[in-house]
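Scroll down for the structure; my scribbles are underneath it.
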Amino acid sequence: MTSQRPIGVIGLGEMGGTIAQRILSVGHPVIGLDKSPAVDDLVSSGFERAQTPAEVAGRCDVVLVIVHNDDQVREAILGKHGIVETARPGTVVVVHSTVDPATCTALADDLAARDIALIDAGMSRGRGSMRDGVLTLFVGGSTETIEAARWALHLYSNNIVHAGPAGTGMVLKLCNNLLLHANRLAMLEVAHIASTAGLSRESLLDGVRSSTGSSWVLEHWGKKDEDVLDTGIGSHPFVDRTTREVALALKYAKHLGLALPATTATGKYLPDILTDGLPAHFGSKAEGDGRSAGLIRRNRIIEEFRANQGRLGGIRSSWEILLLTTIGARSGQRRTTPLAYQAEGDDLFVFASDGGNEKSPDWYHNIRANPKVTVEIGARKFEATAIELAGREREEVFDRQVARDAEFARYEASAARTIPVISFREVGA
């Protein structure tokens with residue numbers, strides 16, 4: 001049943017602002033909340049600006065939450081002056097923000113105890129304009145709650161997909177995002193192949209568009225993609241969003257105990273390619289000036305690690321790494337490498353997996369030649385002796401690492417070699 005009360009919109013950025021404009025355009029009032037000056041663009045007789053989520057919830061039956069991350073979603077709902085302070089029994093909170101599915105499940109349980117309903121509704125643009133109400137929603141929640149809010153959702157969405165209980169809307173959204181981002185990486189590489197081979201962009205796009213390789217990325221190929229094939233798009237909200245969405249998916253997959261090699265590769269390469277341009281990482285220019293993709297990524301991680309006392313941001317925020325500095329077996333030069341590690345009490349272990357490469361990494365050959373190394377972990381830096389483990393001791397440490405991160409089992413299978421395990425003995429300890 002349609003409510004005559006306004007629809008609340010908390011977060012009026014690109015997506016939230018467009019949704020609010022759409023709702024207003026069909027004659028339904030909106031109460032909006034955002035700290036951004038962009039709110040001033042929503043000048044309409046049906047729009048009112050609120051100061052807190054509690055003010056929004058006190059006047060609405062349906063409240064849309066479209067903020068940036070999990071913490072902001074929780075703050076808007078449960079924080080000081082949050083939705084829970086004023087929401088009436090039967091209010092439906094719709095989480096549109098792309099967040100961890102577990103966040104939605106936990107919030108739904110918390111709100112249910114207060115007789116407030118929550119659904120998570122991941123958003124995906126369709127083949128038309130959002131301003132015309134062309135938007136797909138991947139919705140998680142009870143059938144009763146979705147039906148109670150359907151009148152509001154239909155004001156700005158033409159395709160509502162009920163995925164299952166609370167949390168599954170975000171799972172479906174993450175799955176959709178992974179296909180989008182992995183396909184973008186593949187399409188950029190294909191365009192790079194075609195260009196290097198002398199095939200015109202028009203021929204590539206026209207040919208693939210009419211055949212089995214077609215995709216949303218190809219259908220919407222534009223200036224941003226062309227820029228990525230040149231110098232990249234630099235620091236850009238699109239890169240931030242892509243990085244965050246892939247990181248969320250990888251985090252959720254790890255929670256499920258799944259190893260996803262294609263997704264891992266997308267997260268490893270795509271953000272840097274979007275930022276710097278594909279040629280800087282994989283093109284002939286990269287080969288010509290010695291700036292390989294691995295070197296660029298390595299140096300960027302090292303700089304960030306040292307600047308932030310061992311903390312990384314973005315898609316790497318959940319990484320547990322140390323920096324290992326070895327002496328080159330042939331060059332005699334100091335070489336620093338970021339590595340995942342395992343800590344057991346005072347013991348530290350690293351693994352010469354090289355992502356499943358059939359050959360052991362250079363740093364491993366360096367410590368074979370000279371086991372004296374420097375280790376940086378967090379804000380701490382110390383000299384150590386590298387010791388390769390063998391036999392049962394090696395197996396036990398490696399098995400623990402596989403239990404922590406299933407990717408290492410895939411690495412060993414792909415490499416078709418026994419992955420060396422190295423421990424460090426601090427000099428003077």
Side-chain angles (χ1 to χ4, degrees), residues 13-15 68-70 96-101 120 122-127 130 135-138 161 163 168-193 204-205 208-209 212-230 232-256 258-282 293 296-297 300 312-319 355 407 410:
E14 178 191 1
M15 299 295 279
H68 292 295
N69 55 44
D70 297 62
H96 281 313
S97 308
T98 303
V99 296
D100 190 323
D120 53 299
M123 301 182 289
S124 181
R125 301 173 191 267
R127 295 182 179 273
M130 283 181 59
L135 181 68
T136 290
L137 298 179
F138 306 126
V161 180
T168 58
M170 284 302 141
V171 174
L172 183 50
K173 166 69 172 175
L174 292 180
C175 291
N176 180 77
N177 286 354
L178 287 186
L179 288 173
L180 172 67
H181 299 316
N183 188 264
R184 185 176 302 281
L185 178 59
M187 189 64 209
L188 287 167
E189 292 185 352
V190 165
H192 190 51
I193 292 172
L204 171 68
L205 298 179
V208 177
R209 187 176 287 122
T212 54
S214 188
S215 66
W216 190 96
V217 172
L218 186 145
E219 292 289 345
H220 294 81
W221 184 272
K223 183 179 184 304
K224 193 183 283 103
D225 302 288
E226 293 293 339
D227 288 344
V228 173
L229 287 173
D230 187 14
I233 60 177
S235 179
H236 192 285
F238 178 78
V239 180
D240 296 339
R241 185 167 63 248
T242 298
T243 300
R244 182 173 174 276
E245 289 176 352
V246 177
L248 267 175
L250 286 169
K251 177 184 175 182
Y252 189 66
K254 187 172 183 178
H255 167 73
L256 296 176
L258 302 177
L260 304 176
T263 303
T264 301
T266 300
K268 182 178 181 181
Y269 296 115
L270 185 57
D272 289 341
I273 288 174
L274 294 176
T275 301
D276 303 325
L278 191 147
H281 291 270
F282 297 107
I296 294 172
R297 286 192 303 277
R300 181 174 288 151
L312 302 178
I315 197 168
R316 306 181 180 104
S317 61
S318 63
W319 290 10
E407 280 287 291
R410 185 182 67 81

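Atoms considered below: every heavy atom in the structure, side chains included; atoms not considered: hydrogens, waters and symmetry mates. Just so it is clear, the structure is predicted and the values come from calculations on it, not from any experiment. Positions are given from 1 along the sequence.
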Stepwise, does the side-chain contact (heavy atoms from CB on, under 4.5 Å) test hold for N69 with R244? CA-CA 9 Å; N69 55 44; R244 182 173 174 276; 3.7 Å; yes
Atom pair OG1/OH of T263 and Y252 - distance to nearest 0.5 Å: 14.0 Å
Which residues share a side-chain contact (heavy atoms from CB on, under 4.5 Å) with D227, sequence neighbours left out: K223, I233
Can you find a pair of side-chain heavy atoms, one from L248 and one from L250, that are under 4.5 Å apart? no
Which residues satisfy the side-chain hydrogen bond (donor to acceptor under 3.5 Å, both in side chains) test with T136, sequence neighbours excluded? N159
Partner residues of W216 under the ring pair (Phe, Tyr, Trp, His ring centres under 6.0 Å) criterion, sequence neighbours left out: H220
Do the side chains of H96 and L137 get nearer than 4.5 Å, heavy atoms only? yes
Just grab all the salt bridge (charged side-chain N to carboxylate O under 4.0 Å, His left out) pairs involving residues 182-193, residues at least two apart or on different chains. R184-D225
List the atom of S214, the atom of E219, and the distance in Å for their closest heavy-atom pair. OG-OE2, 3.4 Å
Please round to the nearest 0.5 Å and tell me the distance separating atom CG of L185 and atom NZ of K268. 12.0 Å
Looking at residues at least two apart in the chain, or sitting in another chain, which of them share a side-chain contact (heavy atoms from CB on, under 4.5 Å) with L204? M187, V190, A191, A194, L199, V208
Distance from D120 atom CG to S97 atom OG, nearest 0.5 Å? 11.0 Å
How close do P271 and T243 get, heavy atom to heavy atom, and via which atoms? CB-OG1, 3.4 Å
Does a side-chain heavy-atom distance below 4.5 Å link H68 with R241? no
Any chance you could measure L278, atom CG, to I273, atom CD1, to the nearest 0.5 Å? 4.5 Å
Rounded to the nearest 0.5 angstrom, the OG-CG distance for S124 and L172 is 9.0 Å
Under a 4.5 Å cut-off applied to non-hydrogen side-chain atoms, are V246 and L270 in contact? no
May I ask you to test the L188-W221 pair for a side-chain heavy-atom distance under 4.5 Å? yes
Extract all donor-acceptor atom pairs below 3.5 Å that involve side chains of residues 173-183 and protein atoms in other chains or at least two apart in sequence.
from, atom 1, to, atom 2, distance (Å)
K173, NZ, M123, O, 2.5
K173, NZ, N177, OD1, 3.4
N177, ND2, E245, OE1, 3.4
H181, NE2, E245, OE1, 2.7
N183, OD1, S215, OG, 2.7

